[in-house]
K.L.:
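Quick one: structure below, then a few questions.
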There are 2 protein chains.
Amino acid sequence: MILRIDLSSQVPIYQQIRDRVVEAVAAGELAQGSPLPSTRQLAADLGINFHTVNKAYDLLRQEGLLILNRKTGAVVQRDARTGPPPAGFADEWAARLRTLLAEAVAQGLDGPEALAACRAALTTFAGGVVDVTDQGEQA
Amino acid sequence: MILRIDLSSQVPIYQQIRDRVVEAVAAGELAQGSPLPSTRQLAADLGINFHTVNKAYDLLRQEGLLILNRKTGAVVQRDARTGPPPAGFADEWAARLRTLLAEAVAQGLDGPEALAACRAALTTFAGGVVDVTDQGEQA
DNA sequence: CTCTTTGTTCTATAAGTAATAGAGCAGAGC
DNA sequence: GCTCTGCTCTATTACTTATAGAACAAAGAG
């Protein structure tokens with residue numbers, strides 16, 4: 001698990017860590033049961049404080065993507081989560097999606113271009129996109 | 001221009017104002033030249049400080065969506081912007097899109113469902129989505 | 001010419017967040 | 001015993017968010 005973070009970014013470090021893990025899970029790079037480095041280890045690797053990693057892991061646990069305990073360390077919980085997504089996740093997510101897409105449209109991207117960008121991003125994830133334009137399974 | 005903001009949200013007020021304006025521009029509710037209320041007026045309507053509105057308007061100006069001056073007030077700049085989107089906008093936007101989509105996939109949404117959500121969001125904007133599945137212009 | 005409204009700028013304050021740091025504890029492995 | 005693990009606690013520094021009040025120049029209305 002190689003984690004690239006940008007210390008000069010405006011995005012908080014703990015958020016970047018969370019984002020990279022979420023993407024790795026979606027891409028299938030981190031499957032069910034995959035171990036993540038310990039908070040102290042990852043902090044040392046990235047040259048940051050272990051409390052910052054702790055915050056990222058805690059966030060991921062709240063989202064149901066990580067299980068933490070002293071025995072097993074931090075392991076990915078992709079399938080068979082203890083509970084479904086937090087209540088209201090779908091609505092809140094759709095609202096954020098709409099805002100993000102609106103941003104691109106307002107900047108001059110048209111509908112089909114934006115949709116193509118969505119399809120392109122999704123094809124980088126496990127399972128890909130099974131679309132009417134290419135019926136064959138590509139996963 | 002009715003602006004709904006949630007004072008109890010975790011999202012900063014100035015960010016909510018920006019987001020709603022961006023969505024209104026994308027949806028075509030705010031066309032080129034549309035006036036926005038003055039910072040003091042909108043602040044009074046929303047029951048917040050005018051500095052907060054000022055920050056939102058300033059953000060929108062930096063993004064090239066708003067022109068501010070003493071003569072005309074705040075007017076929407078959708079087309080014929082002074083400059084194209086800030087350098088690197090497309091890449092940065094695509095990265096945020098990927099993170100957002102990854103979040104949904106990691107939470108159990110599959111590719112086609114996520115893409116459908118994107119299409120649904122885009123159809124609420126001006127121009128809509130002209131897809132291979134429905135060739136007819138719907139704008 | 002007043003009076004008001006506009007965008008804009010300045011300082012200031014209180015509350016919260018982000019990141020750092022150090023110390024400590026309980027459970028598990030060697 | 002020693003080390004490593006997740007976890008918790010306090011603490012500090014810097015930045016962000018939102019508030020507030022004051023002031024200025026340019027424009028419009030009366």
Side-chain angles (χ1 to χ4, degrees), chain A residues 1 3-22 30 33-77 82 96 99, chain B residues 1 3-22 30 33-77 82 96 99:
Chain A
M1 182 64 199
L3 254 174
R4 274 175 234 276
I5 60 166
D6 178 9
L7 294 176
S8 66
S9 166
Q10 296 295 93
V11 182
I13 299 174
Y14 79 93
Q15 185 78 48
Q16 292 185 51
I17 295 173
R18 188 218 79 127
D19 288 350
R20 295 300 86 73
V21 171
V22 168
L30 287 177
S34 299
L36 257 62
S38 74
T39 54
R40 287 174 175 88
Q41 183 62 51
L42 182 55
D45 290 353
L46 297 177
I48 60 176
N49 194 279
F50 85 94
H51 288 103
T52 306
V53 178
N54 212 334
K55 189 167 182 176
Y57 279 15
D58 203 57
L59 235 179
L60 288 161
R61 177 175 55 178
Q62 283 173 241
E63 299 179 44
L65 292 180
L66 217 54
I67 286 191
L68 304 169
N69 65 56
R70 277 180 265 264
K71 300 186 189 184
T72 57
V75 297
V76 172
Q77 180 85 358
T82 45
R96 278 191 290 146
T99 301
Chain B
M1 181 64 197
L3 253 173
R4 272 174 235 277
I5 62 167
D6 178 9
L7 293 176
S8 66
S9 166
Q10 296 295 95
V11 182
I13 299 174
Y14 77 94
Q15 185 77 48
Q16 292 185 50
I17 296 173
R18 188 217 79 128
D19 290 349
R20 294 301 86 74
V21 171
V22 168
L30 288 177
S34 299
L36 257 61
S38 75
T39 54
R40 287 174 175 88
Q41 184 60 53
L42 182 55
D45 290 353
L46 297 176
I48 61 175
N49 194 279
F50 85 94
H51 287 104
T52 306
V53 177
N54 211 334
K55 188 166 185 178
Y57 279 14
D58 202 57
L59 235 178
L60 288 162
R61 176 174 56 180
Q62 283 173 241
E63 299 178 44
L65 292 179
L66 217 54
I67 286 191
L68 303 170
N69 65 54
R70 277 179 265 265
K71 300 186 188 183
T72 57
V75 297
V76 172
Q77 180 84 359
T82 46
R96 277 190 291 145
T99 301

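By convention in this document, chain letters (A, B, ...) are assigned in the order of the sequence lines, proteins followed by strands, and residues within each chain are numbered from 1. All figures in this text were calculated on a predicted structure; none of them were measured in a lab.
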K.L.:
When you check the gap from the basic side-chain N to the acidic O, do B:Asp58 and B:Arg61 get nearer than 4.0 Å?
P.N.:
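Yes, B:Asp58 and B:Arg61 are salt-bridged.
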K.L.:
Figure out the CD/C1' separation between B:Gln16 and D:dA18, and round it to whole Å.
P.N.:
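It is 13 Å, rounded to the nearest whole Å.
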K.L.:
Nearest heavy atom decides the nucleotide; on that basis, is A:Leu7 or A:Lys71 closer to the 5' end of DNA chain C?
P.N.:
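The residue closer to the strand's 5' end, by nearest nucleotide, is A:Leu7.
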K.L.:
Please tell me whether B:Thr52 and B:Asn49 have a donor and an acceptor in their side chains that are separated by less than 3.5 angstrom.
P.N.:
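B:Thr52 vs B:Asn49: no donor-acceptor pair found between side chains.
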K.L.:
Which of the following nucleotides, C:dG7, C:dT9, D:dT19, is nearest to the side chain of B:Phe50?
P.N.:
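Within the option list, the nearest is C:dT9.
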K.L.:
Output yes when at least one side-chain N/O atom of B:Thr52 is less than 4.0 Å from OP1 or OP2 of D:dT17, else no.
P.N.:
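Negative; the distance criterion is not met.
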K.L.:
Just call it for A:Ser38: base, sugar-phosphate, or nothing, with non-hydrogen atoms closer than 4.0 Å on any strand.
P.N.:
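Sugar-phosphate only.
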K.L.:
Can you check the B:Gln41 CD to C:dT4 C1' distance for me, whole Å?
P.N.:
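After rounding, the reported distance stands at 13 Å.
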K.L.:
Would you indicate what A:Asn69 reaches in the nucleic acid, counting non-hydrogen atoms under 4.0 angstrom: base, sugar-phosphate, or nothing?
P.N.:
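Sugar-phosphate contact only - A:Asn69 comes under 4.0 Å of backbone atoms but never of a base.
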K.L.:
Quiz question: going by heavy-atom distance under 3.5 Å, is there a donor-acceptor pair between the base of C:dT9 and the side chain of B:Arg70?
P.N.:
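Side chain to base: no pair below 3.5 Å.
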K.L.:
I want to check one thing: is the phosphate of D:dC7, taken as OP1 and OP2, less than 4.0 Å away from some side-chain N or O of A:Arg40?
P.N.:
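No.
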K.L.:
What's A:Thr39 touching, base or sugar-phosphate or nothing? Going by heavy atoms closer than 4.0 Å.
P.N.:
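Touches sugar-phosphate only.
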K.L.:
Which sits closer to the 5' end of DNA chain D, A:His51 or A:Ala74, going by the nucleotide each is nearest to?
P.N.:
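So the residue in question is A:Ala74.
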K.L.:
Taking C-beta and beyond as the side chain, do A:Ile13 and A:Ile48 meet within less than 4.5 Å on heavy atoms?
P.N.:
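Heavy-atom side-chain distance check passes, below 4.5 Å.
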K.L.:
Check the distance between C:dG7's P and B:Tyr57's OH and give it to me in whole angstrom.
P.N.:
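Checked: the OH to P distance equals 8 Å.
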K.L.:
In whole Å, what is the span from the CD1 atom of B:Ile67 to the C1' atom of C:dG7?
P.N.:
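After rounding, the reported distance stands at 14 Å.
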K.L.:
Any side-chain N or O of B:Lys55 less than 4.0 Å from the OP1 or OP2 oxygen of D:dT17?
P.N.:
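It does, given that an N or O in the side chain of B:Lys55 lies less than 4.0 Å from OP1 or OP2 of D:dT17.
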K.L.:
For A:Asn54 and C:dA19, give me the distance from atom CG to atom C1', rounded to whole Å.
P.N.:
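Taking CG of A:Asn54 and C1' of C:dA19, I get 13 Å after rounding.
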K.L.:
Could you check whether B:Tyr14 gets within reach of a base, just the sugar-phosphate, or nothing at all, counting any heavy atom under 4.0 Å?
P.N.:
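Sugar-phosphate, no base atom in range.
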K.L.:
Check the distance between C:dA18's P and A:Ile5's CD1 and give it to me in whole angstrom.
P.N.:
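In whole Å, C:dA18 P and A:Ile5 CD1 are 15 Å from each other.
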K.L.:
Find the distance A:Ile17:CD1 to C:dT20:P and express it as a whole number of Å.
P.N.:
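Distance check: A:Ile17 CD1 to C:dT20 P gives 9 Å.
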K.L.:
Are any of B:Asn49's side-chain N or O atoms less than 4.0 Å away from OP1 or OP2 of D:dA20?
P.N.:
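For B:Asn49, the contact criterion (side-chain N or O under 4.0 Å from OP1 or OP2 of D:dA20) is met.
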K.L.:
Identify the two heavy atoms, one from B:Phe50 and one from B:Thr39, that lie closest to each other, and give their separation to 0.1 Å.
P.N.:
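Answer, listing the atom of B:Phe50 first, then B:Thr39: CB-O, 4.0 Å.
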K.L.:
I want to check something: taking the side chain as every heavy atom from C-beta on, are B:Val76 and B:Leu36 in contact at a cut-off of under 4.5 Å?
P.N.:
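Yes; the side chains approach each other to less than 4.5 Å.
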K.L.:
Round to a whole Å and report the spacing from CD1 of A:Ile48 to P of C:dT20.
P.N.:
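These atoms are roughly 6 Å apart.
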